[in-house]
Novice: 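Okay, handing you the structure first.
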Amino acid sequence: MLMTEARTHQAEAFQRVDATPLPVLLQVQGVTLQYKTPQHLVTATYRVDFDVHEADRFVILGPSGCGKSTLLKAVGGFMNPVEGSMRIRGREISGPGPDRMMVFQEFEQLMPWKTVLQNVLFPMKVSGRFKGADARERALSALAKVNLSKFADVYPHMLSGGMKMRVAIARAMAMEPDILLMDEPFAALDALTRRKMQEELLGLWDQLHFTVMFVTHSIEEAILVGSRILVLSPHPGRVRAELNSTGFGHGSVDHPDFGRLSKRIHDFLFEDELAVEVRS
Ligand SMILES: Nc1ncnc2c1ncn2[C@@H]1O[C@H](COP(=O)(O)OP(=O)(O)O)[C@@H](O)[C@H]1O
Ligand SMILES: [Mg+2]
């Protein structure tokens, strides 16, 4: 069994998920997504199928331009499929909603002139979903969940990167979404910071078991962060494979199982290129 001590709690959850799968939260069936510009019709994804179950850390992995962001935008309700269907808890997705909260890249969406608490309150107020004392209570409770109660009244610039991420997650979670959507949130970070952020995200998941859809183009990050990995082909994105990635922490990067999974994913990603090389 592959797990570090820190991941034990997580591994228990995986075993539970493996034994009796939690309910399906998001169903994506035969989804083709296109952009129409006056000159071109760009097919971003082609007939993509997958299910996200509750408490999945569902990773979309694929090369640049394969339609990962487009897929996430469509789940967010900002784009409609030209064919296929996307359902959340059985309801067709027809536009953005507080049940699907996007956590943006590098957490730059935090407003520097607002305190941590005011930042968490902001979407609740703007959406009108929660108001007054109720909103405040929910915001404080979300901050407590991410262990930031003591920082409610400070400004974002006083926080570390990891803390900012926790504020961004608290802010999204205060809206009580079904799913968090994260589009390459760590892509621009240096290796060490990136690793800390991955740890921080996993630590938070160990505690809260939220459902997250996480986009990356890094095989290593997909294995570390994900519990399920959807591997997409290059442009237009089609599903190459869907794999389990359970029980891998930073401590297991050098383990042969990690290397084997990494190699398998690599082969799925580079299928066409390999075929071309053999032929030429
Ligand atoms: N607004 C847009 N208009 C036209 N084409 C777009 C637009 N956004 C993305 N694309 C194209 O759709 C494809 C998928 O893009 P994207 O989803 O951003 O890929 P990824 O996130 O995997 O890098 C690419 O070919 C890209 O050029
Ligand atoms: Mg992208």
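For the single chain, residues carry numbers from 1 onward in sequence order. Atoms within a ligand are numbered from 1 in the order they appear, just like the ligands themselves.
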Novice: Note the single closest protein heavy atom to atom 18 (O) of ligand 1, along with its residue, its atom name and the distance in Å.
Specialist: Ser69 CB, 3.9 Å
Novice: Return yes if a side-chain donor-acceptor contact under 3.5 Å exists between Tyr35 and Thr70, otherwise no.
Specialist: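 Side-chain D/A pair, Tyr35 to Thr70: present.
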Novice: For Thr211 and Asp56, test the side chains for any donor-to-acceptor distance below 3.5 angstrom and give the result as yes or no.
Specialist: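 Short answer, no.
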Novice: Considering heavy atoms of the protein only, find what lies nearest to atom 16 (P) of ligand 1 and give residue, atom and distance to 0.1 Å.
Specialist: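 So the nearest neighbour among protein heavy atoms is Thr70 OG1, 3.5 Å.
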Novice: Show your working on salt bridge (Lys or Arg N to Asp or Glu O under 4.0 Å) between Arg138 and Asp134 and close with a plain yes or no.
Specialist: CA-CA 6 Å; Arg138 284 171 191 276; Asp134 179 36; 3.1 Å; yes
Novice: Of all the heavy atoms in Gly62, does at least one lie under 4.0 Å from an atom in ligand 1?
Specialist: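 Per 4.0 Å heavy-atom rule, Gly62 does not contact ligand 1.
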Novice: For atom 19 (O) of ligand 1, what's the nearest protein heavy atom and its distance?
Specialist: Gly67 N, 3.2 Å
Novice: Would you kindly confirm whether Val82 and Leu72 end up in one hydrophobic cluster when ILVMFWY residues are joined by side chain heavy atoms under 4.5 Å apart?
Specialist: no
Novice: Return the closest protein heavy atom for atom 8 (N) of ligand 1 as residue, atom name and distance.
Specialist: Tyr35 CZ, 3.3 Å
Novice: Closer than 4.0 Å and a protein heavy atom, does any atom meet both conditions relative to atom 2 (C) of ligand 1?
Specialist: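 Yes, at least one protein heavy atom sits under 4.0 Å from atom 2 (C) of ligand 1.
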Novice: Rounded at 0.5 Å granularity, tell me how far CD1 in Ile229 sits from CZ in Arg57.
Specialist: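 Going from CD1 on Ile229 over to CZ on Arg57, the span is 10.0 Å.
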Novice: Give the single entry among His217, Met79, Lys68 that approaches atom 22 (O) of ligand 1 most closely by any heavy atom.
Specialist: Lys68
Novice: Provide the number and element of each atom of ligand 1 under 4.0 Å from a heavy atom of His235.
Specialist: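 That gives atoms 25 (O) of ligand 1.
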Novice: Is Phe122 atom CZ crowded by more than 12 heavy atoms from other residues, nucleotides or ligands, each under 6.0 Å away?
Specialist: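 For Phe122, atom CZ is not crowded (no more than 12 foreign heavy atoms under 6.0 Å).
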Novice: Using 2.8 Å as the threshold, say whether any N, O or S atom from Ser64 sits that close to the Mg ion (ligand 2).
Specialist: no
Novice: If you measure only the distance, is there a donor-acceptor pair under 3.5 Å linking the side chains of Arg166 and Asn147?
Specialist: no
Novice: Which heavy atom of the protein is the closest neighbour of atom 20 (P) of ligand 1, given with residue, atom name and distance?
Specialist: Gly65 N, 3.5 Å
Novice: Between Pro98 and Arg129, is any pair of side-chain heavy atoms under 4.5 Å apart?
Specialist: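 Of all side-chain heavy-atom pairs linking Arg129 with Pro98, at least one is under 4.5 Å.
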Novice: Could you find the nearest protein heavy atom to atom 26 (C) of ligand 1 and give me its residue, atom name and distance?
Specialist: Val42 CG1, 4.8 Å
